[in-house]
There are 2 protein chains.
Amino acid sequence: MDLLSRKYVIEVVCVVGALGPVRYGEIESAFGEVSTSTLSTRLDELTDAGLLMRERYAEIPPRVEYDLTDEGTELCELLKPLLRWVENRDDTEG
Amino acid sequence: MDLLSRKYVIEVVCVVGALGPVRYGEIESAFGEVSTSTLSTRLDELTDAGLLMRERYAEIPPRVEYDLTDEGTELCELLKPLLRWVENRDDTEG
DNA sequence: CGGTATCCAAAGTGATACTG
DNA sequence: CAGTATCACTTTGGATACCG
């Protein structure tokens, strides 16, 4: 699956994994620099791929929460060490 | 590093890791469907990032071998389970 | 054999505005 | 709040031809 090669995908999976059930706005804040459309698309793709679940609450104001599915959790476990390694490397070379 | 998000990068790292010192043509064959320019660029980026080493032999005909650096090997170890998971998943859903 | 240079098409991404 | 729709820009990837 080259979905992994989409921008922010790895980070999104890890962010959702770390923040548990998390709202759209929180994910957006966690990045700070991603357009609504891109993040929305990514969330959609991940949900579609069975990696994320979207829970929609019929409230006012509306609330939507994202969380990892079992498969998403599996992937997240694989991704975390990768992300740590990359960040560690960035520090070292910067 | 979003180099990881480039097409074929994960696969290239794993292929080089699996085939040991490997020649350009062999890598190309391992994919079968990647243009010279793209593969060449990828190899270049990875070498530049310190993940690959390029050994050039002054022979006729020319021979060039690629291999993982220590860091490349580290990354490869992180990537392998990921790749296996993805392939396994593809099988299941296909 | 092992690339590089060039040009082109396609896809991805972002900004913005608007809806429920 | 949580998106969707639209549109233009930027980046990527592919094909081809040529060089060492």
Side-chain angles (χ1 to χ4, degrees), chain A residues 1-16 19-69 72 79 86, chain B residues 1-16 19-69 72 83 86:
Chain A
M1 176 198 319
D2 43 24
L3 170 57
L4 278 175
S5 298
R6 297 275 190 301
K7 208 170 182 181
Y8 307 121
V9 167
I10 294 179
E11 288 89 340
V12 167
V13 172
C14 290
V15 163
V16 176
L19 272 43
V22 58
R23 304 177 63 168
Y24 177 87
E26 298 182 78
I27 300 175
E28 197 166 33
S29 307
F31 286 91
E33 45 196 86
V34 57
S35 65
T36 318
S37 48
T38 301
L39 180 55
S40 182
T41 303
R42 217 78 331 149
L43 252 17
D44 227 41
E45 292 168 344
L46 285 168
T47 302
D48 213 58
L51 265 17
L52 288 186
M53 301 184 75
R54 187 172 69 178
E55 191 74 35
R56 180 173 177 56
Y57 298 91
E59 305 174 351
I60 303 292
R63 182 160 60 101
V64 176
E65 287 186 346
Y66 290 90
D67 205 350
L68 295 178
T69 60
L79 256 29
V86 171
Chain B
M1 174 197 320
D2 42 25
L3 170 57
L4 277 175
S5 298
R6 295 276 193 299
K7 208 169 179 181
Y8 307 122
V9 167
I10 294 179
E11 287 89 341
V12 167
V13 172
C14 289
V15 164
V16 176
L19 271 45
V22 58
R23 304 178 62 168
Y24 178 88
E26 297 181 79
I27 300 176
E28 197 166 34
S29 307
F31 286 90
E33 45 194 88
V34 56
S35 65
T36 317
S37 48
T38 301
L39 181 57
S40 181
T41 303
R42 218 74 336 147
L43 252 18
D44 226 42
E45 292 168 343
L46 285 167
T47 303
D48 213 58
L51 265 17
L52 288 187
M53 300 183 77
R54 188 173 70 178
E55 190 76 38
R56 182 171 176 57
Y57 298 91
E59 305 174 351
I60 302 294
R63 182 162 58 102
V64 175
E65 288 186 346
Y66 290 89
D67 205 350
L68 295 177
T69 60
L83 201 57
V86 171

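Per chain, numbering begins at 1; letters A, B, ... match sequence-line order.
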B:Arg63: partners by salt bridge (charged side-chain N to carboxylate O under 4.0 Å, His left out), with sequence neighbours left out: B:Glu59, B:Glu65
Please identify each residue that fulfils ring pair (Phe, Tyr, Trp, His ring centres under 6.0 Å) with A:Tyr24, with sequence neighbours left out.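 Partners of A:Tyr24 under the ring pair (Phe, Tyr, Trp, His ring centres under 6.0 Å) test: none.
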Just how far is it from atom [atom1] of [X] to atom [atom2] of [Y], taken to the nearest 0.5 Å?
X	Y	atom1	atom2	answer
B:Leu39	B:Ile27	CG	CD1	6.0 Å
B:Leu43	B:Thr36	CG	OG1	11.5 Å
A:Asp67	A:Leu51	CG	CG	12.0 Å

Take atom [atom1] of [X] and atom [atom2] of [N], then tell me their distance rounded to the nearest Å.
X	N	atom1	atom2	answer
A:Phe31	D:dA2	CZ	C1'	17 Å
A:Glu28	D:dG3	CD	C1'	10 Å
A:Tyr57	D:dG3	OH	C1'	17 Å

Checking B:Thr47 now: which residues fulfil side chain to side chain contact (heavy atoms under 4.5 Å, CB included) with it, not counting sequence neighbours? B:Leu52, B:Tyr66
Side chain to side chain contact (heavy atoms under 4.5 Å, CB included) with A:Glu45: which residues, sequence neighbours excluded? A:Leu3, A:Arg6, A:Thr41, A:Arg42
Give every residue pair that meets the ring pair (Phe, Tyr, Trp, His ring centres under 6.0 Å) criterion with at least one member in residues 29-65 of chain B, sequence neighbours excluded.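 Counting only pairs at least two positions apart or across chains, the ring pair (Phe, Tyr, Trp, His ring centres under 6.0 Å) contacts touching residues 29-65 of chain B are B:Tyr8-B:Phe31.
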Anything under 4.0 Å to a heavy atom of chain B counts; send over the first and last such nucleotide of DNA chain C, read 5' to 3'. C:dC1 to C:dA5
Can you pull out every salt bridge (charged side-chain N to carboxylate O under 4.0 Å, His left out) where at least one residue sits in residues 22-34 of chain A? Sequence neighbours excluded, please.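 Listed by first then second residue: nothing to list.
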Could you list the residues that satisfy side chain to side chain donor-acceptor pair (under 3.5 Å) with A:Ser35, not counting sequence neighbours? A:Ser37, A:Thr38
Scoring nucleotides 4-20 of chain D by protein non-hydrogen atoms under 4.0 Å (B base, S sugar-phosphate only, - none) yields BB------SSBB----B
To the nearest 10°, let me know how far the axis at one end of the helix from C:dC1-D:dG20 to C:dG20-D:dC1 is tilted from the axis at the other, five pairs an end. 50°
